[in-house]
Structure formats: structure tokens, C-alpha cells
Amino acid sequence: MSIPKTYLPKEIEDKWYNYWLDHAFFRSIPDEREPYTIVIPPPNVTGVLHMGHMLNNTIQDVLIRRARMKGKNSCWVPGTDHASIATEAKVVAMLKDRGINKKDLTRPEFMTYAWEWKEKYGGIILEQLKKLGASCDWDRTRFTMEDDLSEAVIDTFIHLYNKGLIYRGIRMVNWDPQGKTAVSDEEVIRKEVNQKLYYIRYKVSGSEYQVASSESNQSNDLIPDTQYLTIATTRPETIMADAAICINPNDARYFHLHGKKVLIPLINREIPVILDEYVTMDFGTGCLKVTPAHDLNDYELGQKHNLPVIDILNDDGTLNENAKILIGEDRFAARKKIAVLLEADGYLEKVEDYTSQIGFSERTDAVIEPKLSMQWFCKMDEMAKPALDYVLKGEIKLIPDKFINTYRNWMENIKDWCISRQLWWGQQIPAWYLPDGRFVIAKTREDAFEQAKNLKSQISSLKSEDLKQDEDVLDTWFSSWLWPISVFDGFKDPNNADIDYYYPTNDLITAPEILFFWVARMIMAGHEFRGQAPFRNVYLTGIVRDKLGRKMSKSLGNSPDPLELIEKYGADGVRVGMLLCSPAGNDLMFDESYCEQGRNFANKIWNAFRLVKGWDVDATLPNDNEVAIDWFRSRFNQALIEIEENFGQYRLSEALMTTYKLVWDDFCAWYLEMIKPAYQKPIDSETYDATIRFFEDVLRILHPFMPFISEELWHDELFGERAEYNCCIVAQIPTSGEINTQLLSEVEIIKQLISQVRNIRNSKQISPKEALTLSVKANSAISYKAYEQVIKKLANISSVDFVVEKLQGATNFMVSTDEFYIPLTENIDPVAEISRLKKDKDYLLGFLKSVNAKLTNERFMSNAKPEIIEVELRKKDDAEAKLKIIEEGLSALAE
RNA sequence: GGGAGUUUAGCUCAGCUGGUUCAGAGCAUCUGCCUUACAAGCAGAGGGUCACUGGUUCGAACCCAGUAACUCCCA
């Protein structure tokens with residue numbers, strides 16, 4: 001036989017992927033069929049395929065392929081996200097390599113470089129997805145910054161502004177000093193960090209003239225120091241921005257400070273001591289430095305107490321002239337230096353170790369600086385309500401549903417969305433400023449000019465060139481929240497055939513970490529612009545972790561290269577590997593051995609094919625495999641129902657496992673072994689034909705999981721001539737037929753019987769080649785005669801006798817209540833036999849006791865459901881029957 | 001600090017409305033096999049105080065309360 005012994009996926013995968021592409025099997029255009037639509041969560045253009053993508057896209061492809069094979073018009077829309085911060089960072093880095101500084105470029109020049117970069121390096125990830133077998137409709141590939149989609153973003157901004165949902169305001173934002181942009185709360189990663197807590201003394205202003213005893217406070221000994229108060233801070237470099245010291249009005253230790261002022265060390269600026277119950281008395285010293293410009297809570301406290309805001313930091317995190325000292329130093333360098341200065345002047349009381357949560361930028365990993373700045377915001381509460389309702393009413397299902405609570409919690413406490421970013425790569429905010437500072441919102445300069453002219457008390461000499469467009473761009477999510485609509489041009493042309501047909505989409509497959517960034521906002525946009533949710537089900541995948549439970553990341557180096565995995569195990573093997581370890585919504589502990597298991601499975605299928613391929617047919621032979629054929633048909637139909645149910649509940653790994661066991665155990669290990677002709681003997685045509693049909697059906701159910709090997713085998717001449725478009729990818733998933741449950745349960749008994757015989761061989765070291773004889777004493781209603789062929793073949797039995805008496809001197813075993821005997825030339829050890837039977841007897845007696853205890857318990861008899869009692873009675877009968885047989889065996893041995 | 005979740009075999013997970021023979025699967029492990037499809041394989045075996053403590057019930061992995069450990073989200 002010239003077919004290789006192991007399955008070699010490499011050239012097969014390329015061959016079939018190209019074939020599918022050439023024959024436009026991924027292409028979807030609206031027709032009379034029911035649509036099944038998924039829009040891809042657009043990966044960043046800067047992205048390279050990582051394990052998270054592998055999981056996510058494998059799941060999408062399985063669902064898409066299965067829907068296609070169920071006769072639906074499957075449409076999987078691919079595309080990429082322009083990812084402003086990440087991409088701009090890459091472009092800036094590229095320019096730096098070429099010796100170009102972004103600062104020296106004009107905005108249009110920079111954008112030219114950026115597009116150049118995008119064309120060259122962007123979207124590699126989509127090419128990589130093809131290796132996985134992703135059956136996306138590539139003709140529909142979109143990019144969130146292409147013209148139509150950008151236009152949709154701008155129109156959306158204008159629409160929401162006119163509705164009063166977008167406003168401009170000074171807010172404390174999360175400032176990324178490295179990316180020099182504001183980032184949203186969701187883009188801030190909090191990490192536990194070891195820090196220092198500095199205890200710093202502030203001199204009480206004019207304290208040298210005060211005499212402690214002149215205070216009404218009697219307990220002078222409680223006053224730690226009348227000259228100083230001490231505060232604790234992790235950020236000593238911000239003391240120059242202090243606006244006040246705050247104490248709790250109930251704090252007895254500090255009554256003497258009420259109404260006083262203190263001096264900031266080193267710069268000697270006077271600030272008041274204010275009172276607020278906000279301060280926790282038992283944290284630090286009970287004195288809190290209030291720094292409105294550099295801390296969110298302090299800012300709010302400052303607003304309440306009308307404190308000035310003194311910003312001492314530049315955009316890049318260095319100190320500015322407001323700081324008076326250490327101007328130009330980076331905030332972290334300044335922290336160290338100021339500690340030294342404070343120490344030198346005796347202001348530093350002590351330093352303690354301290355751990356706390358600090359925010360880091362998701363994109364640049366820089367420590368986030370709270371910063372006051374003028375930003376654009378989108379009001380959320382009005383839009384959040386309907387978006388929450390979709391999920392609570394079940395119009396959108398979250399899978400698994402444990403995320404509903406999380407979703408609700410977030411939506412009910414939602415804050416306004418900061419949508420401006422201080423970058424160039426992205427959609428520039430369509431706000432146009434007049435020389436007097438007022439602004440208008442318009443799509444073009446011309447529109448803006450028209451509007452500006454109509455503003456009240458506008459000087460008549462205003463020229464179009466006087467308008468200055470806002471420098472900022474919009475947050476990337478402000479374009480991706482439109483994705484399910486914009487990919488079908490639902491903004492440009494709201495009633496076009498595509499959007500009417502494909503929207504709302506069916507399933508969204510994404511990671512729980514972007515449930516709020518993206519999923520929630522898409523629901524808002526779907527409601528706002530289409531009056532309909534953008535999808536019906538949201539399948540939330542887990543996070544791919546390594547074996548030790550650590551998140552896979554570049555910096556840890558614990559993430560395998562997906563393309564290398566595909567190279568090593570084949571795309572089908574990797575797909576199976578991903579799914580095997582991924583129950584819905586749970587994180588998955590990925591390990592390469594899962595891919596190995598997938599590869600082995602592909603190999604198993606390959607070899608089953610080699611077996612069948614090697615058979616010769618003799619049409620004159622009778623069919624003596626009817627039982628096997630009927631059994632497998634029933635078993636297959638039964639498995640189909642299970643698989644269908646698993647898919648219905650989005651239990652993909654279980655659907656795969658059911659398929660895996662059906663193919664490996666039922667089809668290969670049992671069915672093929674049952675019908676396999678003896679070496680170099682032909683097979684009858686009826687069995688052969690049935691087997692070919694079964695194999696074809698097996699390929700159909702395998703296809704969504706393992707598209708390549710199933711397509712490859714599908715086209716083998718074994719299955720007859722195939723027309724050009726007769727491909728597994730568009731074959732129909734078989735529908736379940738009749739299930740003979742009696743046959744299924746009887747075959748389970750026969751399998752046990754065969755296992756028992758093999759077990760005896762194993763324990764008595766009898767070669768599988770040596771044929772044995774079997775005597776059957778049937779006490780049940782099963783007709784063993786019908787299974788004689790199967791038993792003979794799989795247990796290597798030369799003859800089966802049906803007896804009514806026990807067989808003496810033979811080794812025996814029981815299956816259900818039927819008895820079986822195998823006469824052995826070898827001697828039987830009566831002692832061992834007796835001890836084995838006694839063990840069984842003891843077990844049965846104990847079991848019977850517990851059953852009887854139930855049956856004689858009046859409360860059980862009166863409370864339990866009748867069918868439960870019936871079950872107990874049957875258990876009792878069964879056990880008693882078995883016990884009787886064992887007793888007989890024991891007394892026979894005793895003779 | 002507030003909220004949610006998890007804990008079942010060495011590992012990853014099922015276990016539905018509390019009730020089939022004192023918990024199932026896959027992988028891994030052990031034993032024996034290169035048996036003419038497959039050693040990426042075949043046959044067989046072992047492996048569990050269902051986190052802990054109480055409670056409800058005729059009956060608890062499952063329901064309730066508490067404890068512990070871990071994870072995530074928000075502040």
C-alpha cells in the first residue's frame with residue numbers, strides 16, 4: 001500500500017484552503033436561505049497571531065462551518081482594527097529607527113508614514129488566520145479606518161453631539177505619559193506594587209509664636225508636636241502641588257490644628273488645614289495631603305473645599321515650573337531626589353515599605369498619571385439602560401450566563417466615556433474652533449465655516465482658514481462599537497441588501513475582558529442606530545493561560561508560537577487541541593499535549609481510512625454483519641443528537657469529545673473491528689457499501705472541527721466520483737434517524753462480555769492469537785445467538801455453546817445475570833476462584849443490606865417517588881439473582 | 001473596602017429537577033503486547049473523605065449557613 005502510515009497535513013492543508021478559496025465556498029451573498037452571521041472581533045492591525053486568537057477563531061470557524069453544513073448562508077466577516085495607540089507607537093518606533101522624530105513631522109506627513117506602515121505590516125494576522133483554516137469571506141474584509149468606516153464614525157459623533165450626548169469638559173483622566181495621551185479606565189491595568197510610604201513633616205505656620213498651653217485643649221500630652229504635623233504619602237514629589245492638609249474633624253489628636261495653616265517643606269508655600277470626614281483617622285498619621293491636580297480623590301475633595309489646582313507635571317511626566325524645584329526632572333527621579341532633600345532638611349520622619357495597587361497603561365505599560373485636561377466625553381447612562389435590558393430580558397444571551405451579573409453591575413454604575421485621544425492615527429474629532437475659542441461640530445471645513453458664520457456676534461471677516469480643527473482623534477473603541485453595522489455599510493446606506501439580510505448577526509465570540517470596552521458599547525450602538533441588538537448570543541471564551549495558570553504573554557515567554565504549533569501538529573490537530581481544553585467561559589490551561597492528542601486523532605482517522613481503502617469487495621459473499629451495521633447506525637444517530645444538544649448549549653468541547661469518542665471508540669475500535677474481514681480476505685458488498693456511507697457521515701460531522709483531513713478524505717475515489725463543487729465543506733450534516741435502544745443496550749452487554757474474555761486472557765497470559773471456546777448460560781432475555789459472529793471475532797472464540805447447566809472445571813464470569821464459561825487446559829486455582837467469588841458475595845451482601853434498609857424504611861417508602869422505589873426493588877431483585885448464582889458457584893467449588 | 005465566581009482522580013473538566021450497583025470522561029500513570037489500518041497504536045488495570053464544619057432531608061457532590069484557599073471585576 002502506497003498510502004503513508006501517518007497523516008501528513010502540510011501540503012494537504014494548503015491545497016484545500018486554496019481550493020476552497022478558488023471555488024468561493026467562503027463567499028456569502030444574500031439569498032433566500034437563512035443567514036448565519038459572525039463578525040470577527042477585529043484584531044489590531046499591529047497584531048500577530050497569539051493563542052487567544054487561535055482559540056477565538058477556532059470557535060468561530062467551527063460554528064461558521066457547522067452552520068454552512070446545516071444549509072445556512074454562513075457569513076463570517078473578517079477585518080482589522082486601526083488600534084490608535086498601539087499602531088501609533090509602532091509607527092513612532094519605526095520613524096525613530098529611520099532617525100525621524102515625530103515632532104518634526106506635520107500631521108499629514110506623519111499620516112503618510114503611518115499608512116505606509118499599515119500597508120506593509122498591517123493585517124499579517126489575517127494571513128495567519130488562513131493557516132488555521134478560517135473560512136472568512138475575505139471579499140468582505142474591512143478596516144476600521146477605511147473611508148466608509150471613518151465616515152460612519154464622524155457621522156456618529158455628529159449625531160450624538162446633536163443629541164446632546166457628547167460634551168467637552170475638564171476631567172481627571174488617566175494620562176499615559178509615555179504615549180502622551182489619555183486612556184480610558186478600561187485601558188488601565190491595576191497591579192500590586194511594592195512602594196515606600198514617606199512620612200513628611202509640615203511646619204505649622206507661625207507655630208513659633210504659639211504656646212501650646214494657651215489652647216483650650218486640656219490634653220496637651222496627646223499633642224504629638226505643636227510645631228509640625230506629619231503626613232504619609234507614596235508620592236513625595238507632588239508635595240509642591242499640595243493645596244491643603246485635610247484632617248478628620250473628629251480626630252482628637254489634631255483639634256489644635258483647626259483653622260491653622262502649614263508650610264510645604266522646601267518651597268515654604270502656605271496652605272490651609274481643612275476638615276473633612278473623608279479622612280480615615282487610622283490610616284497613616286491621620287493627616288492627608290490634598291493634591292487636586294494629581295489625584296482623583298483629592299481633586300473631588302478640592303472641588304468641595306474650593307481649593308486651587310496646581311499642576312506641576314508636564315505631559316511627559318517631568319516636573320514643570322509650577323513645582324519651583326527639580327524642574328525638568330522625571331517624576332520618578334524627582335521622587336528619589338526629593339526624599340534626599342527632605343531628609344537633609346529634617347523634614348523626613350521615616351520611610352516604610354508599603355504595597356498598593358497602581359495603574360499601568362495597557363498599551364505602553366507606563367504608570368498612569370491622573371491628570372486634569374480638556375477632553376471629549378460621551379454620556380453613557382441614557383444609552384446604557386436599553387443595552388442592559390437586552391441582556392436582562394434575554395434578547396441577548398451571554399454564554400456562560402454568569403457574566404450577566406458582572407454586566408449588570410457595570411452597566412448600572414457606568415461612567416461617561418472619555419472618547420478623545422491625543423494622537424494622530426485615528427479619526428480626527430470633527431470640532432472646529434473659532435479664533436475666539438468657540439467651536440462648531442461639522443463633517444467638513446466648509447460645513448463648519450457655514451455654521452460658524454451663523455454664530456451670533458460673529459465677526460464678518462471670519463475666513464474658512466481661521467477655523468482650526470481639534471487636534472485629537474477618537475478612541476479606537478469609538479469606531480469598533482459600530483463594527484457589526486459598519487461592516488455591512490449600515491451607516492452609508494442604512495437599507496442596503498446586506499445589512500437587511502445579515503443584521504442582527506447571530507453569535508459574537510470574544511474574550512470576557514472586553515465585555516465592557518466593546519460588547520456593551522456595540523449593544524448601545526446597535527440600539528441607537530438600528531433599534532436592534534447587534535447579535536443574539538455572546539460566547540465569552542476564557543483566557544488562555546499556561547499550564548501553571550499564568551496568562552500567556554510575550555514578556556513571560558510562555559506562549560507558544562501558533563504557527564509553529566500548526567507546523568508541528570497540523571491545523572486540524574491544533575484546532576482540536578484548542579477545543580479540548582476550552583469549556584465555555586472558563587480560562588483554559590493550555591498545554592501542547594492537547595495538540596498532540598489532536599494530531600493523534602487525525603492520524604487515527606487517517607488509518608481507519610487506510611484500512612477501508614485496502615479492502616477488496618466480493619459481490620457474491622453474503623452479508624453476515626447486519627447486527628454490526630444496525631448497531632453502528634443506531635449509535636451514530638444517538639451521537640448526532642448528543643452533538644446537536646452540545647452545540648445548542650455552546651458546549652463545544654463536549655461536542656468535540658462526543659465526536660471523538662464516536663469516531664475512535666465506536667467506529668474504529670468496535671465497528672470496524674466487527675466487520676473487518678480476515679487478512680487478505682474480501683468483504684461482502686453490502687457491508688462495504690454501508691461502511692463507506694458511515695465513513696462519509698463521519699467525515700461530515702468531523703468537518704467543522706477538522707476541516708482539512710475531512711476534505712482530503714472526502715475526495716478519495718473510495719467514495720466515488722465527486723463533481724468539482726461536491727466538497728465536504730458544503731456537505732450536509734447528517735440528520736438523526738431511528739435509534740434501536742434495545743440493540744444499543746444489548747451490544748453494551750456484548751462489549752462487556754468481550755472485555756471479560758480479554759481480561760481473562762490478560763490475567764492468565766493467554767495470547768490473543770489462541771482461540772478459546774465459550775459456553776453461555778443465559779438467564780436473561782438476551783439472544784446471544786444473534787451476536788455469535790461478533791463475539792467470535794472480537795474475543796477470538798472458536799465456538800460458542802449454549803448450555804443450561806453450569807460448566808465444571810472452567811473459568812467463569814458474569815455479565816448482568818448471565819453466566820459464561822471458558823474451559824481452559826490450564827489448571828484452575830480453586831482457592832483463588834473461591835476468594836474472588838467471596839469478594840463479590842460480600843460486596844453484594846453489603847449492597848443488598850443498604851437497599852433493604854431503604855425498602856424497610858417507612859419514611860422512604862412514603863416519601864420517595866414511585867419510580868425511585870421501583871428502581872430500588874429492581875436493584876434488590878438483581879442483586880439477589882446474582883447472589884444466587886455466586887452461591888451455586890461456591891458450592892460447586894466446595895465439592 | 002464593595003461585588004461576582006471557583007474548589008470533584010496526578011492534570012483539564014462533566015455531573016441536568018437531590019434518588020439507577022457507595023461519582024464519569026479525556027489525558028497522564030502502571031502491566032502486557034511491534035496481533036498485517038494505526039506504537040501518533042492495541043488489550044487490560046489502578047487511581048476520588050466530591051475543600052472543610054455544621055444544618056435541612058427517608059436520602060446531599062448537588063439545597064442552606066459558616067470557614068478556608070484561589071480567581072476575576074469595581075473602588
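Since this is a predicted model, take the numbers as computed values, not measurements. Residue numbering restarts at 1 for every chain, and letters A, B, ... go by the order of the sequence lines.
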Considering every strand and a 4.0 Å limit on heavy-atom distances, what is the contact class for [X]: base, sugar-phosphate, or nothing?
| X | value |
| --- | --- |
| A:Arg761 | nothing |
| A:Arg599 | base |
| A:Asn603 | base |
| A:Glu654 | sugar-phosphate |
| A:Glu673 | base |
| A:Ser755 | sugar-phosphate |
| A:Asn413 | nothing |
| A:Lys604 | base |

Atom-to-atom span, [atom1] of [X] to [atom2] of [N] - whole angstrom:
| X | N | atom1 | atom2 | value |
| --- | --- | --- | --- | --- |
| A:Tyr299 | B:rA75 | OH | C1' | 19 Å |
| A:Glu770 | B:rC33 | CD | C1' | 15 Å |
| A:Ile766 | B:rC33 | CD1 | C1' | 15 Å |
| A:Leu713 | B:rC38 | CG | C1' | 14 Å |
| A:Glu412 | B:rA4 | CD | C1' | 14 Å |
| A:Leu8 | B:rA37 | CG | P | 19 Å |
| A:Phe516 | B:rC73 | CZ | C1' | 7 Å |
| A:Leu672 | B:rA37 | CG | P | 11 Å |

### Message
For residues 598-608 of chain A, which residue pairs pass the side-chain hydrogen bond (donor to acceptor under 3.5 Å, both in side chains) check, not counting sequence neighbours?
### Response
A:Asn607-A:Arg610

### Rounded distance [0.5 Å steps], CG in A:Leu515 versus CE in A:Met522
9.5 Å

### Spacing of CD1 belonging to A:Ile566 relative to CZ belonging to A:Arg575, to within rounding of 0.5 Å
9.5 Å

Using side chain to side chain donor-acceptor pair (under 3.5 Å) as the criterion, list what pairs up with [X], not counting sequence neighbours.
| X | answer |
| --- | --- |
| A:Ser593 | A:Asp591 |
| A:Asn56 | A:Gln60 |
| A:Asp878 | none |
| A:Arg635 | A:Gln638, A:Asp666 |

### Query
Taking only N and O in the side chain of A:Lys5, is any of them less than 4.0 Å away from OP1 or OP2 of B:rC38?
yes

### Query
OP1 or OP2 of B:rC33 less than 4.0 angstrom from a side-chain nitrogen or oxygen of A:Arg758, does that happen here?
no

### Task
Decide side chain to side chain contact (heavy atoms under 4.5 Å, CB included) for A:Tyr688 and A:Ile675; before the verdict, give the C-alpha distance in whole Å, the side-chain angles of both, and the deciding distance to 0.1 Å.
CA-CA 9 Å; A:Tyr688 184 77; A:Ile675 62 150; over 6 Å; no

### Query
Of A:Phe632, A:Phe694, A:Tyr660, which meets ring-ring contact (aromatic ring centres under 6.0 Å, His included) against A:Phe667?
A:Phe632

### Query
For RNA chain B, which consecutive runs of 3 or more Watson-Crick or G-U pairs (each distance under 3.5 Å) count as stems?
B:1-7 with B:68-74, B:10-13 with B:24-27, B:29-33 with B:41-45, B:51-55 with B:63-67

### Task
Report the residue (A:Asp878 or A:Lys769) whose heavy-atom-nearest nucleotide on RNA chain B is the more 5′ of the two.
A:Asp878

### Query
For A:Phe847 and A:Lys751, take the nucleotide of RNA chain B holding the closest heavy atom to each; which residue's nucleotide lies nearer the 5' end?
A:Phe847

If I pick the [atom1] atom on [M] and the same atom on [N], what distance separates them, to the nearest angstrom?
| N | M | atom1 | value |
| --- | --- | --- | --- |
| B:rA65 | B:rU20 | C1' | 31 Å |
| B:rU6 | B:rC63 | P | 10 Å |
| B:rG5 | B:rA51 | C1' | 15 Å |
| B:rG48 | B:rG24 | P | 14 Å |
| B:rC27 | B:rC22 | C1' | 26 Å |
| B:rA14 | B:rA9 | C1' | 13 Å |
| B:rG47 | B:rA23 | C1' | 13 Å |
| B:rA4 | B:rU67 | P | 15 Å |

### Message
Could you check whether any side-chain heavy atom of A:Gln756 comes within less than 4.5 Å of a side-chain heavy atom of A:Phe820, counting everything from C-beta outward?
### Response
no

Below 3.5 Å is the cut-off: list the nitrogen or oxygen pairs between protein and nucleotides 56-62 of chain B, distance only.
| residue | atom | partner | partner atom | Å |
| --- | --- | --- | --- | --- |
| B:rC58 | O2' | A:Asn857 | ND2 | 3.2 |

With sequence neighbours excluded, tell me which residues meet salt bridge (charged side-chain N to carboxylate O under 4.0 Å, His left out) with [X].
| X | result |
| --- | --- |
| A:Asp877 | none |
| A:Lys841 | A:Glu887 |
| A:Arg874 | none |

### ring pair (Phe, Tyr, Trp, His ring centres under 6.0 Å) partners for A:Phe860, two or more places apart
none

### Query
Once each nucleotide of nucleotides 23-32 of chain B is scored for protein heavy atoms under 4.0 Å, what B/S/- sequence comes out, 5' to 3'?
--SSS-----

### Query
In terms of side-chain heavy atoms of A:Asn759, which of B:rA37, B:rA4, B:rA45 is nearest?
B:rA45

